[in-house]
Amino acid sequence: MTLTRSISFIFLSCFLILQSCKEEPTAVAESGLVLSQDSMAIHLEKQFTKWNSLVCQDDLRYMDTLKAFYKTRNYKPLWWGAITGDSASWSDLQLTLAHSESHGMNYKYYQLPLVDYYRGALDSMRVTSKLYRRMAELELIISNNLLRMYEDIANGRTTPRKVYGYTYMLPLNNKKELDFEAFLEEEDKNTFIDNLHTEDTTYNELRKVLTYYLKKKIAAKSSEIDFSEYPKIELGDTVSILPKIIAKLKEKKLPNTDILSIKDTTIYTQELAKLIKTLQSDYNLTPDGILGYKTYKLINATPDDNINQVKANMERQRWFTKPKEGAYVYINLPVYEVDMHWEDSVKSMPICIGKNLPDKYDEMVKEYTDSGWLYKLPKNLETPQIASKISYMVINPTWTIPYSIIRNEMWWKLVRDPAYLSREGYKVYRGKTEVNGDTIRWSKINKDKIPYQIVQNPGPENALGTVKYIFHNPFSIYLHDTPNKTAFKRTQRAVSHGCVRLQDPILFGEYLMQNSDEYNADDFRIMMGYAPKDPDRLEDYDPADTTATIQKLTETTLVRLQKPMPLYLDYRTVYFDADWTLHFCYDIYDQNKLILEAMDRW
C-alpha cells in the first residue's frame with residue numbers, strides 16, 4: 001500500500017467505522033433489466049441543457065468545464081461502477097474524497113453522504129428516464145465535487161477577501177495552475193493532488209503535523225474542565241479543581257515532562273506556578289503564573305484545537321508564501337518579532353503590535369447589539385496583514401494624534417487642564433494655522449466633530465520615538481521607535497494602536513541602508529546621533545564637528561530609499577523556525593476561527 005493510500009485510509013476509517021457493510025450489487029435494476037451506459041450518456045448530455053438537480057445549481061460551479069470534458073468522451077460516465085453499486089469503485093471514490101482530510105479539508109464538504117444516500121435509493125427505482133436522470137445527476141455531483149476538492153487543496157477553499165474583507169493585503173502568490181481535465185482522467189487522484197505542493201516545504205510539514213494530531217485525536221480521553229467559577233487562580237489559592245488541572249497537564253505532558261513530578265494538591269503551589277509560567281511563555285502569553293481565560297484555553301485544548309489551528313494555517317499557506325531569497329522584512333504578528341532577511345542571513349528583534357480585541361468580544365457584540373449600545377464597543381486596533389515596500393524613513397518625526405485617541409484617551413485631560421498640551425510639547429492647528437491650545441475651551445467642543453489637529457513635537461518623548469519607517473497602505477500603519485521600552489519586556493506585546501513598534505529602530509535603519517544609493521549604515525547611525533561601527537571611520541569621528549558631511553540631525557528629515565524594501569506583515573499561529581522546529585503560538589487576534597468558519601460556509 002502506498003503512503004498516500006495509507007494516509008487516506010486513516011481518514012476514511014474515521015467516518016466509515018459507523019457504516020454497515022453492504023452486499024455487492026450488480027448493475028441490474030430490481031426489475032431485472034440491465035442498466036446501459038449508453039442510455040445514461042444520453043441523459044447525461046441532457047443535464048447540461050436542462051438541469052434537474054438534487055443540489056442547488058449554484059453548487060455546481062464547474063458545469064462549463066464538465067460540459068467540455070464529457071463532450072470529448074461522448075458523455076460516457078466516469079463513475080458508473082460507484083453509482084451502480086460496485087463496492088471496489090465506491091471504496092476508491094471514498095478514499096479519494098477522504099484523502100482531502102490530510103490537506104485540512106472536511107470530506108463532508110464534497111457531498112459524498114448525499115450521493116451515498118441517493119445511490120442507495122436507485123435499487124428501488126424502475127429502469128426509466130427518471131432513473132437515468134438521477135444517475136446522471138449523481139455523476140455530475142461527484143465530478144463537480146472532485147473538482148472543488150482539487151481546487152480547494154490547490155489554492156484554498158475560501159479567500160482572504162471572504163474572511164477579512166479589505167484588511168488583508170498580502171498577495172495570493174502561492175496559487176497553482178490547475179488542469180481539471182487531467183485530474184478527472186487521472187486514476188491515482190490522491191498522488192496527483194499531493195504533487196501540487198511538492199515544492200512547498202512549509203505546507204508539507206504542516207500536513208505531517210495535521211496527520212499526527214488526527215491520530216492523536218483517537219487517543220484523547222479526558223473531558224473539558226469547567227472554570228466558570230474561577231475567573232483566575234493565583235499563587236497560594238486553595239481551589240478544588242486543581243487536581244483536575246494537574247491531571248490534564250500530566251495527560252498532555254504540558255509544558256513538559258516535569259509536570260509528571262507534581263503531586264496532587266488543592267493549593268496552587270510555587271512549583272506548579274513555575275511550570276504554568278513555562279507553559280504561558282511557550283505560547284507567547286505573559287508568564288505571570290496566574291491562571292485565567294487564555295491559560296484555561298491552553299489547558300482545555302484538545303487535539304481538535306490543534307487540528308483546527310493547523311487547518312487554518314494550511315489555508316493561509318495556500319494563499320501566501322514568503323519569499324525564498326533576497327532581502328525583505330517579514331513580520332509574523334502573533335510571534336511579536338520582525339525578521340530582517342539579508343541575501344545570506346536573518347536577524348530578528350522583538351516588536352509590539354496593535355492591541356487585540358477583548359476576550360469574548362463576540363459576546364460583547366451580541367450584548368451591545370441587543371441593548372442598542374454598539375457605540376460602546378472597543379475600536380479594532382489590530383494590526384492588519386499587509387504586503388508593501390518601505391520607501392522612506394522620517395528622522396525626528398512629529399506625530400499627528402488620531403481623532404480616536406483624542407476622543408478616547410486625551411479628552412478629559414484637555415477638559416480639565418487646557419495647558420496640558422503646551423506643557424507636554426504638543427501644537428494645535430486649525431487647518432494650517434497654529435492656534436494657542438491653552439485658550440481652547442474643550443468642554444464646549446463636540447468631541448465627535450473636533451475642528452483642531454493636535455501635533456506632538458519631535459523629541460525623545462514623541463510617541464513615535466526618533467524615527468519612523470513608512471510604507472504605502474490604507475490604514476496609516478507604519479513601523480517606528482518608541483520612548484516606552486518597558487513593553488518589550490513583556491511576552492505578549494499587543495499594546496499599540498495598530499502600528500508596529502521596534503525594539504531596536506537603529507539596527508532596523510542600518511539594515512534598510514543596503515537599499516540606499518546615497519547613505520550607508522554608518523551614515524544612518526551618525527544622523528541618528530550614534531558613532532559609526534567601521535573602525536577606520538570611527539577614528540576620525542567627532543560628533544562636535546559641525547563641518548562634517550554627515551552630522552546628527554536635529555530637525556524632522558525625510559530619507560528615501562532608492563530601492564524600496566519589501567515588507568510582509570503576516571499572521572501564522574503554527575510556524576517553523578530556520579531549523580524546521582515546530583512552534584504553536586497563541587491566536588492573539590482570534591483569527592483562526594474566522595478562516596475555519598469561512599471554509600465551512602463556502
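Computed over heavy atoms, backbone and side chain alike; hydrogens, waters and symmetry mates excluded. Everything quoted here is computed from the prediction, not taken from an experiment.
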Do [X] and [Y] come close enough that some side-chain heavy atom pair is under 4.5 Å?
X      : Y      : result
Val428 : Glu434 : no
Asp237 : Tyr230 : no
Lys468 : Leu479 : no
Thr383 : Tyr589 : yes
Tyr164 : Ile595 : yes
Tyr361 : Pro378 : yes
Ile588 : Tyr336 : yes
Met169 : His472 : no

From [atom1] ([X]) to [atom2] ([Y]), nearest 0.5 Å:
X      : Y      : atom1 : atom2 : answer
Leu421 : Met410 : CG    : CE    : 5.0 Å
Asn457 : Thr398 : CG    : OG1   : 8.5 Å
Ile276 : Thr278 : CD1   : OG1   : 9.0 Å

For the residue pair Tyr213 and Phe584, categorise the inter-ring angle as parallel (less than 30°), tilted (30 to 60°) or perpendicular (more than 60°). perpendicular
Mind telling me whether Tyr203 and His197 have parallel, tilted or perpendicular rings, with 30° and 60° as the class edges? parallel
Closer than 3.5 angstrom, by distance alone: can the side chain of [X] be matched with the main-chain N or O of [Y] as a donor-acceptor pair?
X      : Y      : result
Trp319 : Thr158 : yes
Tyr469 : Pro505 : yes
Glu539 : Asp536 : no
Asn462 : Pro397 : yes
Arg525 : Pro532 : no
Asn473 : Phe471 : yes
Gln456 : Glu461 : yes
Ser281 : Lys277 : no
Glu382 : Gly498 : no
Glu597 : Leu594 : no

[Y] versus [X], side-chain donor and acceptor atoms under 3.5 Å:
X      : Y      : value
Asn174 : Lys176 : yes
Thr321 : Gln317 : yes
Asp545 : Thr547 : yes
Arg161 : Tyr168 : no

Under a 4.0 Å N-O cut-off, is there an ion pair linking Glu363 with Lys366? no
Compare every heavy atom of Pro384 with every heavy atom of Phe475, then report the nearest pair and how far apart it is. CD1-CG, 3.5 Å
Only one of Glu205, Met314, His583, Gln309 clears side chain to side chain contact (heavy atoms under 4.5 Å, CB included) with Val574; which? Gln309
Checking [X] now: which residues fulfil salt bridge (charged side-chain N to carboxylate O under 4.0 Å, His left out) with it, not counting sequence neighbours?
X      : answer
Arg572 : Asp570
Lys447 : none
Asp152 : Arg148, Arg157

Side chain to side chain contact (heavy atoms under 4.5 Å, CB included) evaluation trace for Ile245 with Leu291: CA-CA 10 Å; Ile245 295 173; Leu291 294 169; 4.2 Å; yes
Return the set of residues passing ring pair (Phe, Tyr, Trp, His ring centres under 6.0 Å) with Tyr296 (not counting sequence neighbours), or none when no residue passes. Phe227
Checking side-chain hydrogen bond (donor to acceptor under 3.5 Å, both in side chains) between Thr573 and each of Asn332, Asp587, Asn313, which is the one that passes? Asn313
Report all side-chain donor-acceptor pairs from residues 337-355 shorter than 3.5 Å, counting only partners two or more places apart or in another chain.
{"unit_1": "Asp339", "atom_1": "OD1", "unit_2": "Ser348", "atom_2": "OG", "d": "2.5"}
{"unit_1": "His341", "atom_1": "ND1", "unit_2": "Tyr328", "atom_2": "OH", "d": "3.4"}

Counting only heavy atoms not in Lys162, do more than 12 sit closer than 6.0 Å to its NZ atom? yes
Considering residues, nucleotides and ligands other than Arg601, do more than 12 of their heavy atoms fall under 6.0 Å from its CZ? yes
Could you list the residues that satisfy side-chain contact (heavy atoms from CB on, under 4.5 Å) with Thr549, not counting sequence neighbours? none
Among residues at least two apart in sequence or on other chains, which ones pass side-chain contact (heavy atoms from CB on, under 4.5 Å) with Asp288? Gln280, Thr286, Ile290
Contacts of type side chain to side chain donor-acceptor pair (under 3.5 Å), residue Asp438, not counting sequence neighbours: Ser422
Report, one line per pair, each donor and acceptor closer than 3.5 Å where one atom sits in a side chain of residues 555-566; sequence neighbours left out.
{"unit_1": "Thr556", "atom_1": "OG1", "unit_2": "Asn396", "atom_2": "O", "d": "2.6"}
{"unit_1": "Thr557", "atom_1": "OG1", "unit_2": "Glu555", "atom_2": "O", "d": "3.0"}
{"unit_1": "Gln562", "atom_1": "OE1", "unit_2": "Asp517", "atom_2": "N", "d": "2.7"}

Begin from the C-alpha positions of Asp359 and Lys294 and carry the test salt bridge (Lys or Arg N to Asp or Glu O under 4.0 Å) through to its verdict. CA-CA 8 Å; Asp359 297 334; Lys294 292 182 175 69; 3.2 Å; yes
State whether Tyr568 and Lys322 meet the cation-pi test: NZ (Lys) or CZ (Arg) under 6.0 Å from the six-membered ring centroid, and within 45° of the perpendicular axis. no
With sequence neighbours excluded, give me every side chain to side chain donor-acceptor pair (under 3.5 Å) pair touching residues 406-419. Glu409-His497, Asp417-Arg423
Residues pairing under side chain to side chain donor-acceptor pair (under 3.5 Å) where one sits in residues 478-487, two or more places apart or in two chains, turn out to be Thr466-Asp481, Asp481-Lys485, Asn484-Thr486
Where do Asp523 and Arg537 land on the salt bridge (Lys or Arg N to Asp or Glu O under 4.0 Å) test, with the steps shown first? CA-CA 10 Å; Asp523 290 338; Arg537 190 168 182 180; 2.5 Å; yes
Partner of Lys593 under salt bridge (Lys or Arg N to Asp or Glu O under 4.0 Å), chosen from Asp362, Asp600, Asp305: Asp362
Is there a salt bridge (Lys or Arg N to Asp or Glu O under 4.0 Å) between Lys533 and Glu510? Walk through the geometry before answering. CA-CA 11 Å; Lys533 290 182 176 179; Glu510 292 175 36; 3.1 Å; yes
Using the ring-ring contact (aromatic ring centres under 6.0 Å, His included) rule, collect all pairs that involve residues 414-440, keeping only residues at least two apart or in two chains. none
